[in-house]
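All values below were derived from every heavy atom in this structure, side-chain atoms included, with hydrogens, water molecules and symmetry-related copies excluded.
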Amino acid sequence: MDDYKRIADKLAAAIAAGTLKPGDQLPPQRQMARRYRIANSTVARVYTELRRRGLVVGETGRGTFVRASPPADAPALTEPPLATVDMELNFSVLPGQAAMQAASLTGLIRGDVMASALLPTTATGSPSLRAAAVRMMSRGGWSPSSVVFTGNGRQAIAAALEVLVPNGGRLGVEPLTYPVVKGIAVRRGITLVPLPMDSHGLALRPSDLAGVDAVYMQPTLHNPLGVTMPVERRAELGAVLTQAGIYAIEDNIYGFLAEDLPPLERTVVVDSLSKRLAPGLTVGFIAPPAELTDRVVAAVRSTGLAAQHFAMEAAVRWLTDGVVERICAAKREDALARQEVAREYLTVTGDPRAYHCWWELPEPWRAEAFVAAAARLGIALAPAAAFAVAPGHSRNAVRLSLSSPPLETLRTALQTLARLAASDPYEGLDT
């Protein structure tokens, strides 16, 4: 057996036995090399093997740490967590919202209307739905030239990627990106290329896009950082995309919580009703440039991603009778109130209009150990590793989703997290 595998097996056994505990830091490579009398390059292979097995995580500039638990078989952030307080998944259903939406559908639950809703679906929807979607998506003086409909926002992203990035291609993304995009990339053999980013969002030169087929980004209320790109940066980035000759997918899923900033040049805008209303009965929207519309329609049809006809009929009613506008206005107020509560107890960052915030954890906590400790207290969180593009490397931080718990439950959970962060993660552990 190769030396690196033998040593990896030994460390894996120590982790399984509890000798190496969640959050423990492995020795620096030079120290490990002296201990086992092996080359530094062999130590690097040991740590790479442990990361491949999901036993450790590397944090840039900090070292390598034992994970709280092996990674789940399912992609992160796709199933409701088992913890009592869900601060991992990010969606909001306000009190009274279900009754408001149900009342809007009264006219749909009739035999003659339902007969139409049961017909086969089309990717381009009805004229009334297209008009309503254009009104909803228009912002900052921009209106989409066409809208294509999918079952939800995730499917809208998948269809846009189908058009812009070939199997085995390269997609530029923010260094921390939506986990669903990571999953799509794995299934299609797409290489994710982390692009330069600063406190205002992506900061690109044409040379940064060399060899990249397209870019995926969230310029408004970025997930997970909560950054909103200012209008000047959007203009600069649009010029870079034009010079590079590529398109970007602009995910505007959280845009309804912020101001009406226009999309970038050369972008396919994707959106949905999932955050505006709720994920259970929703529709996804794709607004491509005119020259890409036919290809987007073909991609939605060929991949079976078109929205259900009943959902599209429901969307028409919600969009035309004011339900979406009223619920979105209430959610904007709700998000601001929840951010205010979060900032009472924690030093978080991000746009205060978002339903999520970013928390750089205090020393000596490691993100994986903190998420595990919070779960034992009944609180589910999303670690930075769930969003990190570079495998095995992530920041020592968590994303806090503020939208789901009742406000007083959220307040109690935030107080609990503050106390946990102030405690010693090694207290009570044998050393």
To the closest 0.5 Å, what do you measure between OG (Ser302) and CD (Glu162)? 6.0 Å

Is it true that a side-chain atom of Arg399 and a backbone atom of Trp358 form a donor plus acceptor pair closer than 3.5 Å? no

Taking all heavy atoms of Ser199 and all of Val227, pick out the closest pair and write down the distance. O-CG1, 3.2 Å

Could you report the tightest heavy-atom contact between Val193 and Arg170, atom names first, then the distance? CG2-NH2, 3.4 Å

Nearest 0.5 angstrom please: Asn223 CG to Ile253 CD1, how far? 10.0 Å

With a 4.5 Å heavy-atom cut-off, do Arg317 and Leu105 have their side chains touching? yes

Over all atoms of both residues, closest heavy-atom pair of Gly140 and Pro262: O-CB, 3.8 Å

Counting only N and O atoms by type, is there a donor-acceptor contact under 3.5 Å from the side chain of Gln339 to the main-chain atoms of Ala354? yes

Value rounded to 0.5 Å, distance of CG in Leu89 from NE2 in His356: 13.5 Å

Between Lys331 (side chain only) and Arg276 (backbone N and O only), is there a donor and an acceptor less than 3.5 Å apart? yes

Dump the intermediate steps for side chain to side chain donor-acceptor pair (under 3.5 Å) on Asp334 and Tyr355, then the final yes or no. CA-CA 9 Å; Asp334 185 53; Tyr355 260 132; 2.6 Å; yes

Backbone N/O of Val269 and side chain of Glu250: donor-acceptor pair under 3.5 Å: no

For a 4.5 angstrom cut-off between non-hydrogen side-chain atoms, does Trp359 reach Leu417? yes

Gln97 side-chain N/O to Leu94 backbone N/O, donor-acceptor pair under 3.5 Å: yes

Distance, nearest 0.5 Å, that separates CG of Leu407 from CG of Leu402: 10.0 Å

Determine yes or no for a side-chain-to-main-chain donor-acceptor pair under 3.5 angstrom, with Arg233 supplying the side chain and Leu202 the backbone. yes

Audit row: Leu209, Val215, side-chain contact (heavy atoms from CB on, under 4.5 Å) steps and yes/no: CA-CA 9 Å; Leu209 299 178; Val215 173; 3.7 Å; yes

So if I apply the side-chain contact (heavy atoms from CB on, under 4.5 Å) rule between Ile7 and each of Leu50, Val46, Val43, which one comes out positive? Val46

Counting only pairs under 3.5 Å, give me each side-chain donor-acceptor contact of residues 177-185, with atom names and distances, residues two or more places apart or in other chains.
{"unit_1": "Tyr178", "atom_1": "OH", "unit_2": "Arg154", "atom_2": "NE", "d": "3.1"}
{"unit_1": "Lys182", "atom_1": "NZ", "unit_2": "Ala385", "atom_2": "O", "d": "3.4"}
{"unit_1": "Lys182", "atom_1": "NZ", "unit_2": "Ala386", "atom_2": "O", "d": "3.0"}
{"unit_1": "Lys182", "atom_1": "NZ", "unit_2": "Ala388", "atom_2": "O", "d": "2.9"}

Would you say the ring centroid of Phe149 lies under 6.0 angstrom from that of Phe285? yes

For a side-chain contact (heavy atoms from CB on, under 4.5 Å) check, start with the C-alpha distance between Tyr216 and Val165, then their side-chain angles and the critical distance, and finish with the verdict. CA-CA 11 Å; Tyr216 167 84; Val165 185; over 6 Å; no

For the NZ atom of Lys10 and the CZ atom of Arg6, what is their distance to the nearest 0.5 Å? 7.5 Å

Between Asp251 and Gln218, is the side chain to side chain donor-acceptor pair (under 3.5 Å) condition met? List the steps. CA-CA 5 Å; Asp251 188 344; Gln218 288 188 335; 3.0 Å; yes

Any sub-3.5 Å donor-acceptor pair from Ser401's side-chain atoms to Glu88's backbone N or O? yes

Residue pairs involving residues 303-350 (criterion ring-ring contact (aromatic ring centres under 6.0 Å, His included); sequence neighbours excluded): none

Met217/Ile249 under side-chain contact (heavy atoms from CB on, under 4.5 Å): CA gap, chis, key distance, verdict: CA-CA 6 Å; Met217 60 183 173; Ile249 300 169; over 6 Å; no

Side chain of Arg234, backbone of Met229: donor and acceptor closer than 3.5 Å? yes

Validation row: Thr150, Val270 side chains within 4.5 angstrom (heavy atoms): no

So, do Phe91 and Ser274 sit near enough that their side-chain heavy atoms are less than 4.5 Å apart? no

Restricting to non-hydrogen atoms, name the atom on Ser138 and the atom on Val134 that form the minimum distance, rounded to 0.1 Å. OG-O, 2.6 Å

At their closest point, which heavy atom of Leu264 faces which heavy atom of Gly238, and how far apart are they? CD2-N, 4.0 Å

With side-chain contact (heavy atoms from CB on, under 4.5 Å) as the criterion, how do Thr191 and Leu171 come out once you've worked through the C-alpha distance, each side chain's angles and the decisive distance to 0.1 Å? CA-CA 6 Å; Thr191 298; Leu171 176 67; over 6 Å; no

When you measure from the side chain of Thr282 to the backbone N and O of Pro279, does any donor-acceptor pair fall under 3.5 Å? no

Can you check whether Val173 reaches Leu195 side chain to side chain, under 4.5 Å on heavy atoms? no

Taking side chain as C-beta onward, heavy atoms only, is Val297 less than 4.5 Å from Thr124? yes

Donor-acceptor under 3.5 Å (Ser403 side chain, Asn90 main chain): no

What verdict does the salt bridge (charged side-chain N to carboxylate O under 4.0 Å, His left out) test give for Glu344 and Arg411, after you've listed the backbone C-alpha separation in whole Å, the side-chain angles of each residue and the deciding distance to 0.1 Å? CA-CA 9 Å; Glu344 285 183 36; Arg411 183 183 296 275; 3.2 Å; yes

Salt-bridge criterion met for Arg53 and Asp9 (N-O under 4.0 Å): yes

Measuring centre to centre across the rings, with the benzene-like ring taken for any Trp, is His222 within less than 6.0 Å of Tyr254? no

Calculate, to the nearest 0.5 Å, the distance between atoms CE and CZ belonging to Met312 and Arg130 respectively. 10.0 Å

Where do Leu361 and Ala367 come nearest, in terms of heavy atoms and distance? CD1-CA, 3.6 Å

Val240 vs Arg205 side-chain heavy atoms within contact, under 4.5 Å: no

Salt bridge (charged side-chain N to carboxylate O under 4.0 Å, His left out) assessment of Glu49 paired with Lys5: CA-CA 8 Å; Glu49 174 67 14; Lys5 288 186 177 180; over 6 Å; no

Crowding at CD, Glu265 (>12 non-hydrogen neighbours, <6.0 Å): no

I'd like to check Val398 versus Met87 (side-chain heavy atoms, cut-off strictly below 4.5 Å). Are they in contact? no

Using distance alone, with no hydrogens and no angle criterion, decide if Ser272 and Asn152 have a side-chain donor and acceptor under 3.5 Å apart. no

